[in-house]
Peer 1: 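Starting off with a structure, shown below.
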Number of protein chains: 2
Amino acid sequence: MNELGVSPNPGQDLDSQLRHALEEAGWRYTRQRAAVYQFLHSTTEHPTAEEVFSTVRQTIPSISLATVYKALEALVDAGVAAKLSSTDGPARYDCRMDSHYHVRCLQTGRIHDLPTPFDPALLDKLDPKLVESLERQGFHVTAYRLEVVGYFPEK
Amino acid sequence: MNELGVSPNPGQDLDSQLRHALEEAGWRYTRQRAAVYQFLHSTTEHPTAEEVFSTVRQTIPSISLATVYKALEALVDAGVAAKLSSTDGPARYDCRMDSHYHVRCLQTGRIHDLPTPFDPALLDKLDPKLVESLERQGFHVTAYRLEVVGYFPEK
DNA sequence: ATCCTTGCAAAGCATTTGCAGTCAC
DNA sequence: GTGACTGCAAATGCTTTGCAAGGAT
């Protein structure tokens, strides 16, 4: 980082972060995983495996869809990406690892990040005894998720 | 309903509610759909299609898994059930149509309802300009979802 | 040198579809 | 009687797996 807080070489920073995270979790650093990670970071959409595949293919033409799936699994396991569920259609992947909220389009399945600041105390505000009560019942609370659902304009 | 607010024949009430909802949405009332709906109402778990199938099969041995899927689709379309997504494993179904929150076990995929009262103003509390801002960008907000995630005790 | 990862093809799981016979209205 | 629904089997879409060849440490 320089005095402006901007990395002079964001690609290299990402690479060393990735290498570290992968090694920490017992995975090897490979160019396929690096390319998948870079692409996830370059987009604000939350792409599907197929979307990752067709983009990364432009850089590494020999990459296979199976390798993309395995790379995404490694990234999730290494804690640098998250898998987002959907009722219909394929899973989507997110590499913003700070807690944040999503908007989901029920028509297209697309997901975007919300700019709204994450409120760590939201569950307590909803019900001060909620987490305590769940833990007492043996459920270990690790997080909460909130998403706004609706429809994007017709395209 | 009697003076205690308890239906003397809950099964019949469910049936007429279901018949009405299905007809309203252009579907026919069938015993397969009724059996699926009754089972969804009888459980606080949110079963998968396969779980619905194996239970309803005890009442209607000839029912097929495809019919269960079609019945669940009809119930969702008629607005008397909801499909819940999950990152791994099959979808789960919920027939509580009032807004409420969920707890999800990351290990088993199981989902339960939270007793916490639903707060219709939660998004506004999080950010008073959020919904307005999304609508201005052409996104039509229809609802929000919140779930607590974590782990049930080892079984 | 060792063990992990890749790319391919085949398998797997959840869900949907096509269709002949059956049922609801 | 008509059109929708059922049950079966086959097809589909997304994802995972097995394996021989290649790559990372």
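Every chain is numbered from 1 and lettered A, B, ... according to where its sequence line falls, protein lines coming before strand lines. The model shown is predicted, which means the values in this text are computed figures rather than measured ones.
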Peer 1: Could you check how far CH2 of A/W27 sits from P of C/dC4, rounded to whole Å?
Peer 2: 11 Å
Peer 1: Atom CZ of B/F53 to atom P of C/dA14: distance rounded to whole Å?
Peer 2: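 The distance from CZ of B/F53 to P of C/dA14 comes to 14 Å, rounded to the nearest Å.
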Peer 1: Checking A/T55 side chain against A/V52 main chain: does a donor-acceptor pair fall under 3.5 Å?
Peer 2: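 No: the side chain of A/T55 does not pair with the backbone of A/V52.
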Peer 1: Looking at B/R28, does any N or O in its side chain come under 4.0 Å of the phosphate oxygens OP1/OP2 on C/dC23?
Peer 2: no
Peer 1: So, for B/R31 and B/S62, which heavy atoms are closest and what is the spacing to 0.1 Å?
Peer 2: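 Between these two residues, the closest heavy atoms are NH2-OG, 4.4 Å.
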Peer 1: Identify which nucleotide among C/dT15, C/dT5, C/dC8 has an atom closest to any side-chain atom of B/L65, counting heavy atoms from C-beta outward.
Peer 2: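 Among C/dT15, C/dT5, C/dC8, the one nearest the side chain of B/L65 is C/dT15.
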Peer 1: In whole angstrom, what separates A/R57's CZ from C/dG7's C1'?
Peer 2: 12 Å
Peer 1: Where each residue is assigned the nucleotide of DNA chain C containing its nearest heavy atom, which of A/S62 and B/Y29 is assigned the position nearer the 5′ end?
Peer 2: A/S62
Peer 1: Between which nucleotides of DNA chain D, read 5' to 3', does contact with chain B run, using atoms under 4.0 Å from its heavy atoms?
Peer 2: D/dG3 to D/dA9
Peer 1: Whole Å only: how far is the CD atom of A/E23 from the C1' atom of C/dC4?
Peer 2: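 Distance check: A/E23 CD to C/dC4 C1' gives 13 Å.
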Peer 1: Once you round it to whole Å, what is the distance between C1' of C/dT15 and NZ of B/K70?
Peer 2: 11 Å
Peer 1: Using a 4.0 Å heavy-atom cut-off across all strands, classify A/T48 as base, sugar-phosphate, or nothing.
Peer 2: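 Touches nothing.
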Peer 1: Using only side-chain N and O atoms of A/Q32, determine if any of them is under 4.0 Å from OP1 or OP2 of C/dG7.
Peer 2: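 For A/Q32, the contact criterion (side-chain N or O under 4.0 Å from OP1 or OP2 of C/dG7) is met.
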Peer 1: Within the structure shown, what part of the strands sits under 4.0 Å from A/T30 by heavy-atom distance: base, sugar-phosphate, or nothing?
Peer 2: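 Sugar-phosphate, backbone atoms only, no base.
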Peer 1: Looking at B/R31, does any N or O in its side chain come under 4.0 Å of the phosphate oxygens OP1/OP2 on C/dA24?
Peer 2: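 No, outside the criterion.
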Peer 1: Kindly say if A/S64 contacts the phosphate of C/dC8, meaning a side-chain N or O under 4.0 Å from OP1 or OP2.
Peer 2: no
Peer 1: Spell out, yes or no, whether A/Y101 and A/M97 are grouped together once hydrophobic residues are joined by side-chain heavy atoms under 4.5 Å, including indirect joins.
Peer 2: no
Peer 1: Quick check on side-chain hydrogen bond (donor to acceptor under 3.5 Å, both in side chains): which of B/Q137, B/K129, B/E135 does B/S133 satisfy it with?
Peer 2: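 So the option named by the test is B/Q137.
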Peer 1: If the condition is ring pair (Phe, Tyr, Trp, His ring centres under 6.0 Å), which residues does B/H100 pass it with, not counting sequence neighbours?
Peer 2: B/H102
Peer 1: When you group the ILVMFWY residues by side-chain heavy-atom contacts below 4.5 Å and let the links chain together, are B/L130 and A/F118 in the same group?
Peer 2: yes
Peer 1: Find the distance B/R19:CZ to C/dA24:P and express it as a whole number of Å.
Peer 2: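 In whole Å, C/dA24 P and B/R19 CZ are 10 Å from each other.
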Peer 1: Tell me, please, which residues at least two apart from A/E23 pass salt bridge (charged side-chain N to carboxylate O under 4.0 Å, His left out).
Peer 2: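 A/R19.
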Peer 1: Just how far, in rounded Å, is C1' of C/dC4 from CD of A/E73?
Peer 2: 13 Å
Peer 1: For the pair made of CG in A/L22 and C1' in C/dC3, what is the distance, rounded to whole Å?
Peer 2: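 Atom-to-atom, A/L22 to C/dC3, this comes out as 16 Å.
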